[in-house]
There are 2 protein chains.
Amino acid sequence: MRPETQQFMKFIETKGLLFTTERKSVAEEVFSTHDHLDAEEVLKKLKSTGSKASRATVYRTLDLLVESGLVEKIDLGEGRSAYEHTAGHPHHDHLVCTVCGEVQEFEEPLIEQLQEWACEKAGFRAIGHSLNIYGWCAKCKLAVKA
Amino acid sequence: MRPETQQFMKFIETKGLLFTTERKSVAEEVFSTHDHLDAEEVLKKLKSTGSKASRATVYRTLDLLVESGLVEKIDLGEGRSAYEHTAGHPHHDHLVCTVCGEVQEFEEPLIEQLQEWACEKAGFRAIGHSLNIYGWCAKCKLAVKA
DNA sequence: ATTATTATTGAGATACATTCTCAATGGAGC
DNA sequence: GCTCCATTGAGAATGTATCTCAATAATAAT
Ligand SMILES: [Mn+2]
Ligand SMILES: [Mn+2]
Ligand SMILES: [Zn+2]
Ligand SMILES: [Zn+2]
């Protein structure tokens, strides 16, 4: 069991919930990669590894993972959302290729700072934010030129 | 007929399409306010004013308005999207109140610049972007304290 | 003017991601 | 064992958006 899954177990038990095999398998799946997985991909992977976790349980457990703070839900636009774990993964935003679907990450601390100032100016208390840049990734740019 | 609707008519005709009463009424509705309207709100408003435009036509016409450049479609997260007209409305991003749904606008030219640099660094060609900050608007912050 | 061609529309069907319902399951504690 | 209650899975329901296709309306041709 991965260390992040251990932490999730602690979270679940502290909350007075049961650390079931379904919850464990969803967590292990999410913590197994740094990719940006959507719920359906998690479900498919689980099915292929013999887990019998249902769609409803996958969604419910992803919500718990987000609540635990170990996983972040990101909005990739047009109704798509994805999950990624946060351990050793400082906050960042995303470049989304509208051709191949690739999601790249970028970090720009000054943007974060400017967002805070914008909120102060407006008397707005920020809880979270979503910044996506849509366009052509380097690979797809080349593919078109060729 | 509003000047923006005139421009839309020109766009439609230049494209070799017909400027029908349905298309006109959707355009007039969108140009009648600076609010962030979603498609369903446009449909409801049209119904209340006696227009018989159907849901399909509303969506189709909103797409045409976006294509014309006179209207922008914005992604407000969690699958919600809204439309706003662009005339005399320079680019800006949004503060979305998760309590009352209010959408405020803010402008931060330096953020735009930093996004461009981030793209250059990644070899990414940006087409558009979406930046939303979620949280509590000033009004809702006060309401809770009271 | 009549006919043929084409664009547009509305109603409902369909798609899709997500949430909800509720009966069945299965630990936890007695 | 039995009771209690959290959890689960299957499928129904939701909400947003798109698609299908026959009917309608506009345009062009004869
Ligand atoms: Mn990421
Ligand atoms: Mn706006
Ligand atoms: Zn790409
Ligand atoms: Zn508010």
Side-chain angles (χ1 to χ4, degrees), chain A residues 8-9 11-27 29-30 36-47 49-68 71 73-83 96 98 101 103 130, chain B residues 8-9 11-27 29-30 36-47 49-68 71-83 96 98 101 130:
Chain A
F8 182 54
M9 180 173 69
F11 168 82
I12 286 291
E13 287 171 349
T14 302
K15 230 176 121 67
L17 305 177
L18 302 174
F19 188 66
T20 62
T21 51
E22 287 83 5
R23 284 174 177 162
K24 179 179 163 187
S25 62
V26 173
E29 200 56 59
V30 171
H36 302 89
L37 297 168
D38 68 26
E40 223 59 34
E41 283 167 343
V42 173
L43 177 64
K44 195 163 59 174
K45 284 194 170 197
L46 286 173
K47 284 219 188 302
T49 63
S51 165
K52 57 171 183 23
S54 69
R55 173 171 286 110
T57 295
V58 169
Y59 277 98
R60 286 188 285 233
T61 306
L62 287 171
D63 282 347
L64 286 168
L65 283 161
V66 169
E67 196 189 329
S68 78
V71 167
K73 180 179 185 175
I74 59 182
D75 190 326
L76 293 180
E78 291 160 33
R80 289 173 305 158
S81 47
Y83 297 83
V96 183
T98 52
V103 176
S130 162
Chain B
F8 182 54
M9 179 171 73
F11 169 82
I12 286 292
E13 287 171 350
T14 301
K15 231 176 120 64
L17 305 178
L18 302 174
F19 188 67
T20 63
T21 51
E22 288 82 7
R23 283 172 177 164
K24 179 179 164 188
S25 61
V26 172
E29 200 57 58
V30 171
H36 302 88
L37 297 168
D38 68 26
E40 223 60 33
E41 283 168 344
V42 173
L43 177 64
K44 195 162 61 176
K45 284 194 169 196
L46 287 173
K47 284 217 187 303
T49 63
S51 165
K52 56 171 184 22
S54 68
R55 171 172 287 107
T57 296
V58 168
Y59 277 97
R60 286 187 284 232
T61 306
L62 287 170
D63 282 347
L64 287 167
L65 282 161
V66 169
E67 196 190 329
S68 78
V71 168
E72 204 170 327
K73 180 179 186 176
I74 60 183
D75 189 327
L76 292 181
E78 290 158 35
R80 290 172 305 159
S81 47
Y83 297 83
V96 182
T98 51
S130 161

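Protein chains get the first letters and strands the later ones, always in sequence-line order, with residue 1 at the start of each.
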Worksheet item: How long is the line joining CG of A:D63 and P of C:dA17, in whole Å?
Response: 17 Å
Practice prompt. Check whether any side-chain N or O of A:Y59 sits under 4.0 Å from OP1 or OP2 of C:dT19, and answer yes or no.
Written response: no
Item to complete: Keeping the roles fixed (side chain from B:R55, backbone from B:L43), state whether a donor-acceptor pair exists under 3.5 Å.
Response: no
Practice prompt. Give the rounded distance in Å between these two atoms: CZ of B:R23 and C1' of C:dG10.
Written response: 14 Å
Worksheet, complete the sentence: A:T20 has its side chain closest, among C:dT19, C:dG10, D:dT7, to D:dT7
Worksheet item: Within this structure, what is the CG-to-P distance between A:L43 and D:dA10, rounded to whole angstrom?
Response: 10 Å
Discussion item. In this structure, how many angstroms lie between the P atom of D:dT27 and the CD1 atom of B:I12, rounded?
Written reply: 14 Å
Worksheet item: Choosing from D:dT7, C:dT8, C:dA11, which nucleotide comes nearest the side chain of B:L18?
Response: C:dT8
Worksheet entry | d(CZ, A:F19; C1', C:dG26) in whole Å | 17 Å
Practice prompt. On DNA chain D, check which nucleotide each of B:D38 and A:K47 is closest to and give me the residue with the more 5' one.
Written response: A:K47
Worksheet item: Rounding to a whole Å, what distance do you find between A:E41:CD and C:dT18:C1'?
Response: 16 Å
Fill in: Candidate nucleotides D:dT8, C:dT9, D:dT16, ranked by approach to the side chain of B:T57 - the nearest
C:dT9
Item to complete: Using a heavy-atom cut-off of under 4.0 Å over every strand shown, decide if A:R80 touches base, sugar-phosphate, or nothing.
Response: nothing
Response to the item:
Among C:dT18, D:dG9, D:dA17, the one nearest any side-chain atom of A:S54 is D:dG9
Worksheet item: Choosing from C:dG10, D:dG9, C:dT18, which nucleotide comes nearest the side chain of A:E22?
Response: D:dG9
Response to the item:
In whole angstroms, the gap separating P of C:dC16 from CZ of A:R55 amounts to 12 Å
Item to complete: Would you indicate what B:E40 reaches in the nucleic acid, counting non-hydrogen atoms under 4.0 angstrom: base, sugar-phosphate, or nothing?
Response: nothing
Discussion item. In whole Å, I'd like the distance from the CG atom of A:L76 to the P atom of C:dT18.
Written reply: 11 Å
Worksheet item: Where the side chain of A:A56 is concerned, which of D:dC19, C:dT18, D:dG11 is the nearest nucleotide?
Response: D:dG11
Discussion item. Just to be sure I understand the rule, does B:R60 reach a base, reach only the sugar-phosphate, or reach nothing, if contact means heavy atoms closer than 4.0 Å?
Written reply: base
Worksheet item: Nearest 0.5 Å, what's the CG-CZ distance between B:L65 and B:F11?
Response: 8.5 Å
Discussion item. To check you understand the geometry: which heavy-atom pair defines the closest contact between B:R23 and B:L64, and what is its length?
Written reply: NE-CD1, 3.7 Å
Worksheet item: Between the main-chain N or O of B:V58 and the side-chain N or O of B:T61, is there a donor-acceptor pair closer than 3.5 Å?
Response: no
Item to complete: Look at atom CD of A:E78 and say whether more than 12 heavy atoms of other residues, nucleotides or ligands are closer to it than 6.0 Å.
Response: no
